[in-house]
Trainee: 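Got a structure here, written out as structure tokens. Questions coming.
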Number of protein chains: 2
Amino acid sequence: MSIRIGILGYGNLGKGVEKAVNANPDEELVGVFTRRDPSTVKTVSGVKAYKADDLKNMTDDIDVLVICGGSATDLPEMTPEYAKLFNVVDSFDTHARIPEHFAAVDKAAKGSGKVGVISCGWDPGMFSINRLYSHCILPDGKDYTFWGRGVSQGHSDAVRRIEGVKDARQYTVPVEAALKSVRSGGNPELTVRQKHTRECFVVAEEGADKARIEKEIKEMPNYFADYDTTVTFISEEEMKRDHSKLPHGGSVIYSGATGDNKHVIEYSLKLDSNPEFTGSVLAAVARAAVRMNKEGQNGCKTMFDIAPAYLSPLSGEELRAHML
Amino acid sequence: MSIRIGILGYGNLGKGVEKAVNANPDEELVGVFTRRDPSTVKTVSGVKAYKADDLKNMTDDIDVLVICGGSATDLPEMTPEYAKLFNVVDSFDTHARIPEHFAAVDKAAKGSGKVGVISCGWDPGMFSINRLYSHCILPDGKDYTFWGRGVSQGHSDAVRRIEGVKDARQYTVPVEAALKSVRSGGNPELTVRQKHTRECFVVAEEGADKARIEKEIKEMPNYFADYDTTVTFISEEEMKRDHSKLPHGGSVIYSGATGDNKHVIEYSLKLDSNPEFTGSVLAAVARAAVRMNKEGQNGCKTMFDIAPAYLSPLSGEELRAHML
């Protein structure tokens, strides 16, 4: 029997999950659930759009709900709320607030006897798993995470909020010299500025003061002040032509030792579409959440708590025969 | 309380496990167990060497036994035998015989109520896990495994068995053009010859027929005939000076797609010492085996069945706060 999946929230990530669920023969998409008027939502695959409020009447129709909201305000409310009714999966990515989010989801999911898996994707997610495996194998070592080259939506939004900016795209770019030093096992101490640069492509409003916009970007605390940032003004046509995709990626590099012998472990991603890859991780985790719940588990989990085999539609025999 | 570990078999891998256990503060090495006369075995760390036969009287002293034998004849006998008495971990790496080994260990470990984890290390092991994660995330894709540059002990042994060869070291080397094509997402079909070359360094006996040795190596079925192989004759001094280490590594590259968008996932290792890295994986898995058994699990497992958090000495809270 197929795993019946609902998607709550239908932006880029929700569309990524939709595509991923449809690519998994053992999964079936029940519907997309939205806080907007569902009659205004046309889904890519043609699956039905429902009101989010309909979910409470569909607990028998859905095995797991994938919640595709923002980490700032949506997920801290939505994931615990829906964990009272469903197995849930989210991609909560505000690292500092994970303990608090975990506690809220754990309480709700223990109360309902469901499984809630939080912070899934690639970082947090696959990158976290790789940091963990490396630290476990080589306790004497250090991990480095590089992001990019890719679009940071948070930084793009920050630039868009500046007066006179019509549209903006920000690329995070790892510094080659830093990557090289880490890959060679050099174990360097690196500042924020030494690890990444930031490239901004900006469409300015007619008559806006470009020098002021550039200055405001470069001096913005947290987002840009600690980095070497370049600002390039482009036309709306160029933005549409050259920057309409959402590529991303990066590397987790671990440099460890056993006595005098050095070992370098690297996990890297080159993604044409960040939301489609993240959505694909969520679709795999959805399968694991249902399986773990069927075995009697409940409460909040992260990808750290999921044995890799649970993510696969294949049996243990098949996995051992073909992938081990 | 420390996890009490025994090591059965004291070659390169056993020494790697010894070093790894001593690097993990929550693990304690009880002793090394050998089929040789223990009085002839001097351990690197000074830990006591026992007769393998002593193990049956030490079931209360050891929480998990790491079995460091060869896959051809040692492990198929030893792992099921000792799974009757202990939680066990091995690095069985004959891919074709894994189902049969799994069944034997599963039967023994279910009978004793212990956990036996087989085929741990990097391939099988970390490479397998990365193949699995990638296939689960992107069902539309293909995995490629490249090994090297590194010493293959099986191929080195095969050369040493040729008449007139005093010593030999064989390096497996991935072909750069193939790596490049796969990393670019090209999804090429590659023959064995297109993926790896083999470099042999040979010390010949005084007066041996080098042309015949070279021919025998290059024409050896399975080992060399399907590859572009180079043979370099060197002196004993050069062998000792330039080829005394056992470096290895490689990459698992997965090229997948979500519709028109391509994604490339790569996991790569550069290891100064193959046995010390493999031993480090075994020491981490030993921790997981004990923990899973304490929670009531038994039978045969692989690294596919181990949630990443079980490999770590840290608590769930600590892992979520620092690595997620």
Side-chain angles (χ1 to χ4, degrees), chain A residues 16 19-20 23-25 95 98-99 102 119 124 126 128-133 135-140 143 183 185 245 258-273 276-277 279-281 284 287 302-309 311-313 316-317 319-321 323-324, chain B residues 16 19-20 23-25 95 98-99 102 119 124 126 128-133 135-140 143 183 185 245 258-273 276-277 279-281 284 287 302-309 311-313 316-317 319-321 323-324:
Chain A
K19 203 166 177 177
N24 279 296
H95 288 260
I98 286 174
F102 185 93
S119 301
M126 292 308 300
S128 322
I129 287 172
N130 276 281
R131 287 187 282 265
L132 174 52
Y133 273 120
H135 277 282
C136 295
I137 295 169
L138 299 173
D140 176 15
D143 68 73
R183 281 186 182 134
K245 285 208 166 194
T258 50
D260 291 339
N261 287 315
K262 286 186 180 176
H263 311 286
V264 178
I265 307 171
E266 177 164 354
Y267 180 78
S268 68
L269 297 173
K270 275 189 294 184
L271 312 175
D272 271 0
S273 164
E276 291 189 2
F277 186 82
S280 298
V281 176
R287 175 184 295 121
T302 71
M303 291 182 78
F304 291 163
D305 305 306
I306 301 178
L311 299 167
S312 173
E317 287 81 353
L319 293 180
R320 289 190 294 274
M323 291 188 206
L324 196 61
Chain B
K19 203 165 176 176
N24 279 295
H95 288 260
I98 286 175
F102 185 93
S119 302
M126 293 308 301
S128 323
I129 287 172
N130 276 280
R131 286 188 281 264
L132 174 52
Y133 274 119
H135 277 282
C136 295
I137 295 170
L138 299 173
D140 176 15
D143 68 72
R183 282 186 181 132
K245 285 208 165 195
T258 50
D260 291 340
N261 287 315
K262 285 185 180 178
H263 311 286
V264 178
I265 308 172
E266 177 164 354
Y267 180 78
S268 68
L269 296 174
K270 276 188 295 183
L271 312 175
D272 271 0
S273 165
E276 291 188 3
F277 186 82
S280 298
V281 176
R287 175 184 295 120
T302 72
M303 292 183 78
F304 291 162
D305 306 306
I306 301 178
L311 299 167
S312 173
E317 287 82 351
L319 294 179
R320 289 190 293 274
M323 290 188 208
L324 195 61

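All figures in this text were calculated on a predicted structure; none of them were measured in a lab. The chains referred to below are lettered A, B, ... by the order of the sequence lines, with proteins before strands, and numbering in each begins at 1.
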Trainee: Contact between A:I265 and B:M126 at the side-chain level, heavy atoms closer than 4.5 Å - yes or no?
Mentor: no
Trainee: Quick check on B:K262 against chain A: is it the side chain, the backbone, both or neither that has a heavy atom closer than 4.5 Å?
Mentor: both
Trainee: In terms of ring plane angle, is the pair B:Y133 and A:Y133 parallel, tilted or perpendicular, where the classes change at 30° and 60°?
Mentor: perpendicular
Trainee: Would you check, one step at a time, whether the test side-chain contact (heavy atoms from CB on, under 4.5 Å) holds for B:L311 with A:L132?
Mentor: CA-CA 9 Å; B:L311 299 167; A:L132 174 52; over 6 Å; no
Trainee: Locate the shortest heavy-atom distance separating B:R320 from A:T302; write the atom from each residue and the value.
Mentor: CD-CG2, 3.7 Å
Trainee: Against chain B, label A:S273 side chain, backbone, both or neither, depending on which of its atoms sit under 4.5 Å from a heavy atom there.
Mentor: both
Trainee: Using non-hydrogen atoms only, which part of A:D305 is less than 4.5 Å away from chain B: side chain, backbone, both, or neither?
Mentor: both
Trainee: Between chain B and each of A:H95, A:R131, A:M303, A:E266, count heavy-atom pairs under 4.5 Å; write down the option with the most.
Mentor: A:E266
Trainee: Could you tell me which non-hydrogen atom of B:P139 sits nearest to which non-hydrogen atom of A:A23, and how far apart they are?
Mentor: CG-O, 3.7 Å
Trainee: Could you check whether any side-chain N or O of A:K245 sits under 3.5 Å from a backbone N or O of B:N261, counting only pairs where one atom can act as donor and the other as acceptor?
Mentor: no
Trainee: To the nearest 0.5 Å, what is the distance between CG on B:N130 and CD1 on A:I129?
Mentor: 9.5 Å
Trainee: Please classify the contact of A:L324 with chain B as side chain, backbone, both or neither, using a heavy-atom distance under 4.5 Å.
Mentor: both
Trainee: Can you tell me which portion of A:I306 sits under 4.5 Å from chain B's heavy atoms? Options are side chain, backbone, both or neither.
Mentor: backbone
Trainee: With a 4.5 angstrom heavy-atom cut-off, which part of A:D143 approaches chain B: side chain, backbone, both or neither?
Mentor: neither
Trainee: If you compare all heavy atoms of A:L138 against all heavy atoms of B:F277, which two are closest, and at what distance to 0.1 Å?
Mentor: CD1-CE1, 4.0 Å
Trainee: Side chain, backbone, both or neither: which part of B:L271 has an atom under 4.5 Å from a heavy atom of chain A?
Mentor: both
Trainee: Checking A:R287 now: which residues fulfil salt bridge (Lys or Arg N to Asp or Glu O under 4.0 Å) with it, not counting sequence neighbours?
Mentor: A:D26, A:E27
Trainee: Closest heavy-atom contact between B:S280 and A:I137?
Mentor: CB-O, 3.2 Å
Trainee: Is any side-chain heavy atom of A:D272 closer than 4.5 Å to a side-chain heavy atom of B:D260?
Mentor: no
Trainee: Return the option, out of A:A309, A:G185, A:A284, with the maximum number of heavy-atom pairs under 4.5 Å with chain B.
Mentor: A:A309
Trainee: Write down the atom of A:T258, the atom of B:E276, and the distance for their closest heavy-atom approach.
Mentor: OG1-OE1, 2.6 Å
